[in-house]
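This report refers to the structure that appears directly beneath it.
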Amino acid sequence: MKKILSLLLLSFFTTQGFAQKKEYNLIIGTYTSPGKSEGIYIYNFDANTAEFKFKSVAKDVTNPSYLAVSKNNKLVYSVAEAPGNSAAAAFNFDGLKGELSFINKQATGSPGPCFVLADEKHTFTANYGGGSISVFGIEANGALSPLKQLIQHTGKSIDPKKRQESAHAHQVQFTPDRKYVTCSDLGEDQIYIYNYNPTATKEVLTINQVVKTTPGSGPRHLTFSPNGKYAYLAHEFNGIITVFTYNNGTLNKIQDIGTTNKDFSGRVDAADIHVSPDGKFLYETNRGDANTISAFSIQPNGKLTFVSTISTLGKGPRNFTIDPTGKYLLVGHQYTNDIIIFERNKKTGTLKDTGKSIELGAPVCLVFAPIK
C-alpha cells in the first residue's frame, strides 16, 4: 500500500513539474515609428496560466515588424521597414535569458520589406513596396550576407484604388516539404511558387508555378496544414479564404469560404491566418471596419466549416499566434497598442477572452520560441 501511495505521489509531483515547465519566450516585432515602441520585445509566457513577464527589448532596428526564429533557436531575423533604408537584420538569441544581440543588417535592394523567412542557409524578405523578394545567405556566425538574389515581380491587377497598380509581394513561406518557397503578391492577385535550391550561389529561387487568384481579391498570407496536404490563403480585400490541396510544388483550389456576414459593407482588410497545432481548426483575422477573428473546423478532406466569428477586442489585429500547447491564442493590435489573450477550446475551436492583455506599442508580429 505504501509503495502504491509513493508511486501516486511521485506521479503527481512529476506531472506538476512538467506543467510548470510550459513556459516560452514570446518574441514581438513592432513598429517603432512614430515612437510607440522601441524595438523587438521578449516576454516570458506561461502556457498553463497565460501569465507573462517582460524580459528584454532590442532597440537596434527601426520598425522590426516581422520576425523569424532559426530552427536551432539561436538566431532571430527581422525586417527593418525604415523609409529610404529598407533592410533585413540578424540577431543572436539567448533563449535562456530571453535576450537579443544585434549582429548586422543588409539592404534589401527594394523598398518596404514586410515579411521575413529563414532556414539554416538563407533569409528571404517579401518587399511590399518594391514588389520583390530579397534573398540573403547566412554566414557561419549567423550574420546576413550581402544581397544574393533579387526577384522582381512586374505585373498588376484590376483595382488600382486598392493598391493593385503594381506588384506588392506580401509574404514568403516554405512549403511543408521545404523544396519550394511561395510568395503571395497582393498587387498581382497571384501566388508564386519558386523552386528552392539551398546550395545555389546565385539562382537560389527559380519559378515553378504561378497560381492566379480571383481578380481584385488581394492575396495576403498563406499557411499550410500540419500534415502538409492543404494550404489556406487569406485575401485582404474581400476576406475570402481559399483552400488548396498541396502536392510536390503544386497548389490546386478546392474551396472558397467567406469570413464576413453577407450584409457587411465596410473595409475588411484581412490580415493573418494560422492552423492550430493539432491541425483541427483554422483562424483568420480581419482589420478595417471588422476587427474580428473567425474560426473554422478543418474537415478530413481539408475543406473548412464555419465555427464562429468574434471581436478581437481591439483595432487593427495585424497578427496573431497560438501558443505551442494550443491552449491560448494571442492577437496583436497595431492601433490600440495591445495584445489580447484568448483561451482556445481545443474541442470546439471557439475562443474566450481571458481578461489578460499585454500593453505594447504597435505590435505587428508574435512568435513563440523555446526557453533554452
Side-chain angles (χ1 to χ4, degrees), residues 47 50 173 176 184 213-214 217-246 251 253-333 339-357 366 368:
Q173 190 73 278
S184 309
T213 66
T214 302
S217 62
R220 180 181 171 92
H221 280 193
L222 181 78
T223 192
F224 289 90
S225 60
N227 65 12
K229 294 181 179 180
Y230 305 101
Y232 302 91
L233 173 65
H235 296 273
E236 181 165 335
F237 300 142
N238 58 16
I240 297 292
I241 298 172
T242 298
V243 183
F244 300 91
T245 59
Y246 172 75
L251 293 173
K253 177 179 171 179
I254 58 173
Q255 183 189 21
D256 277 334
I257 188 168
T259 58
T260 60
N261 295 327
K262 292 182 179 180
D263 59 351
F264 182 82
S265 60
R267 286 174 48 236
V268 177
D269 288 349
D272 204 11
I273 187 167
H274 294 289
V275 177
S276 60
D278 60 13
K280 294 181 179 179
F281 296 94
L282 177 134
Y283 300 87
E284 185 265 5
T285 50
N286 292 331
R287 299 167 296 167
D289 298 311
N291 296 299
T292 56
I293 184 165
S294 296
F296 299 84
S297 62
I298 299 176
Q299 305 308 306
N301 63 0
K303 292 184 178 181
L304 301 176
T305 300
F306 176 75
V307 173
S308 65
T309 296
I310 64 170
S311 168
T312 60
L313 305 177
K315 184 171 176 57
R318 180 72 176 270
N319 178 243
F320 71 92
T321 190
I322 302 170
D323 83 76
T325 73
K327 185 176 181 180
Y328 295 104
L329 186 149
L330 287 68
V331 181
H333 292 102
I339 298 169
I340 302 297
I341 302 173
F342 293 92
E343 186 171 2
R344 197 177 71 87
N345 187 314
K346 295 182 182 180
K347 292 183 179 180
T348 65
T350 55
L351 302 174
K352 178 182 178 182
D353 178 27
T354 63
K356 298 176 181 178
S357 64
L366 314 176
F368 280 105

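A quick note: this is a predicted structure, and the numbers were derived from the prediction, not measured.
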What's the spacing between Lys327 NZ and Lys346 NZ if we round to 0.5 Å?
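So the NZ of Lys327 and the NZ of Lys346 are separated by 8.0 Å.
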
At what distance, to the nearest 0.5 angstrom, does CZ of Arg267 lie from CG of Asn291?
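Separation between the atoms: 9.5 Å.
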
What residues form a salt bridge (Lys or Arg N to Asp or Glu O under 4.0 Å) with [X], not counting sequence neighbours?
| X | answer |
| --- | --- |
| Asp323 | none |
| Lys315 | none |
| Glu236 | Arg163, Arg220, Arg287 |
| Asp256 | Lys253 |

Provide the closest heavy-atom pair for [X] versus [Y] in the form atom of the first, atom of the second, distance.
| X | Y | value |
| --- | --- | --- |
| Ile322 | Pro277 | CG2-CD, 3.8 Å |
| Pro317 | Ala271 | O-CB, 3.4 Å |
| Gly258 | Ile240 | CA-CD1, 3.8 Å |
| Asn238 | His235 | OD1-CB, 3.2 Å |
| Ser276 | Pro226 | O-CG, 4.0 Å |
| Tyr328 | Thr354 | CE2-CG2, 4.0 Å |

What residues form a side-chain hydrogen bond (donor to acceptor under 3.5 Å, both in side chains) with [X], not counting sequence neighbours?
| X | value |
| --- | --- |
| Ser294 | Thr309 |
| Lys352 | none |
| Thr214 | none |

Residues in side-chain contact (heavy atoms from CB on, under 4.5 Å) contact with Ser357, at least two apart in sequence or another chain
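Counting only residues at least two positions away or on another chain, Ser357 forms a side-chain contact (heavy atoms from CB on, under 4.5 Å) with Ile340, Glu359.
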
Excluding sequence neighbours, so at least two apart, what forms side-chain contact (heavy atoms from CB on, under 4.5 Å) with Thr348?
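Only Asn345, Thr350 meet the side-chain contact (heavy atoms from CB on, under 4.5 Å) criterion with Thr348.
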
Step by step, would you call Leu329 with Tyr283 a side-chain contact (heavy atoms from CB on, under 4.5 Å)?
CA-CA 10 Å; Leu329 186 149; Tyr283 300 87; 3.9 Å; yes

Taking ring-ring contact (aromatic ring centres under 6.0 Å, His included) as the test, write out the residues that go with [X], two or more places apart.
| X | result |
| --- | --- |
| Phe320 | His274 |
| Phe342 | none |
| Phe368 | Phe45 |

Going by distance alone, is a donor N or O of one side chain under 3.5 Å from an acceptor N or O of the other, for Thr305 and Gln299?
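Yes, because at least one side-chain N or O of Thr305 sits under 3.5 Å from a partner of the opposite role on Gln299.
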
Under 3.5 Å, is there a donor-acceptor pair between the Thr259 and Asn286 side chains?
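Indeed, the side chains of Thr259 and Asn286 share at least one donor-acceptor pair under 3.5 Å.
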
Tyr230 ring center near Phe224 ring center (under 6.0 Å)
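No, too far apart.
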
Apply side-chain hydrogen bond (donor to acceptor under 3.5 Å, both in side chains) to residues His221 and Ser184 and explain how you reach the verdict.
CA-CA 7 Å; His221 280 193; Ser184 309; over 6 Å; no

